[in-house]
Amino acid sequence: MPPASPALSASQLATLAALGEERSADVGDVLYRVGDRTYPFIAIVEGEVAIVDAAGHEIVRHGPSGFLGELNLLSGQTVFVTAIVLQPLRYIAVERDNLRELLFEDGPLSDLLLSTFIARREALETVEGIGLEVIGPHSSAATLAIVEFARSNRLPLTWRDPGRDPAAAELIAGLDAASLPLVRLPGDLELLAPSPGEVLRALGIGAELGAREEVDLVVVGAGPAGLAAAVYGASEGLETLVVESTALGGQAGSSRRIENYLGFPAGIAGTELTSRAVTQARKFHARTATPYRALSLEPANGDGRHVVRLEGGHEIAARTVLLATGAQYRRLPVDCLADYEGVSVFYAAGPPEAQRCGASRVGVVGGGNSAGQAAVWLARGGALVTLLHRRADLRETMSDYLVHELDRFGVAVRDRCEVAALHGEDGELEAVTLASGERVPLSFLFLFLGALPCTEWLGDAVARDENGFILTGTAADADYLLETSVPGVFAAGDVRCGSTKRCAAAVGEGSMAVQFVHDRLRAGQRVGA
Ligand SMILES: Cc1cc2nc3c(=O)[nH]c(=O)nc-3n(C[C@H](O)[C@H](O)[C@H](O)COP(=O)(O)OP(=O)(O)OC[C@H]3O[C@@H](n4cnc5c(N)ncnc54)[C@H](O)[C@@H]3O)c2cc1C
């Protein structure tokens, strides 16, 4: 159940009133409904409003000094819920563009709204029947891809597998496998076998790129490194475009709580950190484009512009390029892993997974901080968690504070363990066999096994090390610390050979790269060097 809104102060209501319009509504009036393309921010002066789902089930109520809205108010997504007036209402309506301007100027109000919107989105993710409905079998790769994509974008979704849900089977009766999944969107729009881009556009998220775009700086990858570069690049006058294949925020966006980011002594949720970064990048007019996967890089050959080619035939001609594509999770080398992925084996522990795992036996595999965070989060949600890792002592790979937290929340830690086989039926895990031969009963498995750099798409365009990480600075015979073997092409964050795989390091490198971009542009590129 989403939290009722915290109260706006009298002065905040006055600020909103100055920017918006005071209106009234009668009992039974609908302020906005599921499927609407947009809605204003609503602050309640007097009266009461109920938020209900598409079937009319009440989710939460808001009263005087409360406010309506969630993340889609900022992102411009289609509306997922309906707001109905319960008691005669006086309210202030502020249009989305005006609200965004205000959020850039008013820190305390921005903090309040942003953290409430994020908390509400997290809560909506756990409510069945909100947002997207994806209908397709677990055996369909296209279905899994859409489910995974929606989850990484924090889109509330209900996945109905026709193999387990006869009503869902009826909905797709007569459709061939190539037409799946059927995706039903708020407002009764239905799409057959859509691409992630089609789903996002149908939800009203993100602008489409032209066939060819020309910019000063193209940033490939919107994790902390890419977003930091976007903020610094755009705020320092560079025409900056960020292209992202999956979800703005990168790996950091999937972190439950980042405890070691400077300036947040109580820790900060990954989504909140990255939502703030996206808002900040937009404030400075950096453009973000998603989902657009970079497929190749052609270094400049005469016109001073490097070309990044994207899926869908788009090309970006940029004076400089920042490669910030990070790294991707390693998979477990066991048979039939794909049968379990998305059903009982996961690579991130978000609210929907935590809800499914409550009171179940859960294994978290990995010895790094991300594994520790997930184990603590799941244990706090009521799961019986065992952390399995390969080394003799967890302290070799995990921060001390997390080792203490594991103990505090009753997570069992098993050293020197490797998972050798999975057992179960229809994707539902029942047990795993360890390399030692021991069988451990587990219903869910979360894998945090480290990562491989997302650089295959680059081929030989820039020099990489034997593991695929991008060489920079002296290792690449480059003029600048973060420059690659191609002048004018830079790399920052986890994708860079020798980088510290942490958020703060990625942010530092992303912002530092912009300084080198300026230097390179001033010096003139050594084209073709
Ligand atoms: C669960 C978890 C918890 C973590 N907890 C912490 C923590 O507590 N503290 C901490 O400091 N660090 C933590 N980390 C590590 C931290 O998140 C990373 O170091 C950081 O996100 C790296 O940032 P980045 O921008 O370099 O790359 P990423 O965050 O990996 O972002 C790269 C982006 O590039 C995109 N991309 C990849 N290929 C392409 C392509 N071809 N075209 C377009 N886009 C592409 C990806 O989709 C991704 O969004 C955690 C990581 C995980 C997974």
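Heavy-atom basis, side chains included; hydrogens, waters and symmetry copies ignored.
Within a 6.0 Å radius of CD in Gln328, no more than 12 heavy atoms belonging to other residues, nucleotides or ligands are found. Counting heavy atoms of neighbouring residues, nucleotides and ligands inside a 6.0 Å radius, atom CZ of Arg361 does not exceed 12 of them. Counting non-hydrogen atoms of neighbouring residues, nucleotides and ligands closer than 6.0 angstrom, the CD atom of Glu428 exceeds 12 such neighbours. Around the CZ atom of Arg33, the shell of radius 6.0 Å holds no more than 12 heavy atoms that belong to other residues, nucleotides or ligands. Other residues, nucleotides and ligands contribute over 12 non-hydrogen atoms within 6.0 Å of the CG atom of Asp176.
Val85 and Ala25 make their closest contact through CG2-CB, 3.8 Å (heavy atoms, listed as atom of the first residue, atom of the second, distance). Nearest heavy-atom pair across Gly372 and Leu406 is O-CD2, 3.8 Å. Nearest heavy-atom pair, Leu103 versus Ser110, reported as atom, atom and distance to 0.1 Å: O-CB, 3.4 Å. Leu74 approaches Leu114 most closely through the heavy-atom pair CD1-CD1, 3.3 Å. Residues Leu209 and Tyr292 come closest through the heavy atom pair N-OH, 3.0 Å. The heavy-atom pair separating Ala451 from Arg330 by the smallest distance is O-NH2, 3.7 Å.
Proximity of Pro64 to Glu46: side-chain heavy atoms (C-beta onward) are nowhere separated by under 4.5 Å. Inter-residue side-chain proximity for His62 and Ile42 is flagged as unmet; no heavy-atom pair is nearer than 4.5 Å. Between Val385 and Phe409 there is no side-chain heavy-atom pair separated by less than 4.5 Å. A heavy-atom distance below 4.5 Å is found between the side chains of Arg164 and Asp426. Side chains of Leu89 and Leu31 form a contact here, defined as non-hydrogen atoms less than 4.5 Å apart. Counting heavy atoms from C-beta outward, Val45 and Ile92 have side chains that approach closer than 4.5 Å. Contact of the Leu16 side chain with the Leu109 side chain is registered, since non-hydrogen atoms from C-beta on lie closer than 4.5 Å. Val183 places none of its side-chain heavy atoms less than 4.5 Å from the side chain of Glu198.
A salt bridge is defined here as a Lys NZ or Arg NE, NH1 or NH2 lying under 4.0 Å from an Asp or Glu carboxylate O, and Arg151 with Glu125 fails to meet this definition. The residues Arg408 and Glu405 are annotated as salt-bridged, a charged nitrogen and a carboxylate oxygen being separated by less than 4.0 angstrom. Residues Glu272 and Arg276 are paired through a salt bridge, judged by an N-O separation under 4.0 Å between the basic side chain and the carboxylate.
In this model, no donor atom of one side chain and acceptor atom of the other lie less than 3.5 Å apart for Arg96 and Thr38.
Listed for the Asn98 side chain is no donor-acceptor partner under 3.5 Å among the backbone atoms of Glu95. Listed for the Ser511 side chain is no donor-acceptor partner under 3.5 Å among the backbone atoms of Ala228. Judged by distance alone, the side chain of Thr78 and the main-chain N or O of Leu203 form a donor-acceptor pair under 3.5 Å. A donor-acceptor pair is defined here as one N or O able to donate and one able to accept, closer than 3.5 Å; no such pair exists between the side chain of Tyr39 and the backbone of Leu68. Put simply, the side chain of Ser344 gets close to the backbone of Leu429: a donor and an acceptor are under 3.5 Å apart. In this structure a side-chain-to-backbone donor-acceptor pair under 3.5 Å is missing from Glu70 to Arg120. Judged purely by atom type and a 3.5 angstrom limit, Thr82 uses its side chain to pair as donor or acceptor with the backbone of Val34. Judged by distance alone, with hydrogens and angles left aside, the side-chain atoms of His285 form no donor-acceptor pair with the main-chain N or O of Ala234 at under 3.5 Å.
Summarising the geometry, atom CG belonging to Leu337 is positioned 6.0 Å from atom CG belonging to Leu422; distances are rounded to the nearest 0.5 Å. Atom OG1 of Thr290 sits about 9.0 Å away from atom CD1 of Ile205, to the nearest 0.5 Å. Rounding to the nearest 0.5 Å places CG of Asn153 at 10.5 Å from CD of Glu148. Rounding to the nearest 0.5 angstrom, the gap separating the CG atom in Leu185 from the CG atom in Leu157 is 11.0 Å. For the atom pair Tyr232 OH and Leu238 CG, the distance stands at 14.0 Å (nearest 0.5 Å). Put simply, CG on Leu273 and SG on Cys503 are 6.0 Å apart, with the number rounded to the nearest 0.5 Å.
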> Step by step, would you call Asp165 with Ile135 a side-chain contact (heavy atoms from CB on, under 4.5 Å)?
Replying inline: CA-CA 10 Å; Asp165 177 345; Ile135 301 157; over 6 Å; no
>> Quick one, Leu447 with Arg331, criterion side-chain contact (heavy atoms from CB on, under 4.5 Å). Give me CA distance, side-chain angles, the key distance, then yes/no.
In response: CA-CA 7 Å; Leu447 305 177; Arg331 296 171 82 235; 5.8 Å; no
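Between Tyr261 and Phe264, the ring-plane angle classifies as tilted under the 30° and 60° cut-offs. Note on ring orientation: taking the six-membered ring where Trp is involved, the planes of Phe117 and Phe67 are perpendicular (angle over 60°, cut-offs 30° and 60°).
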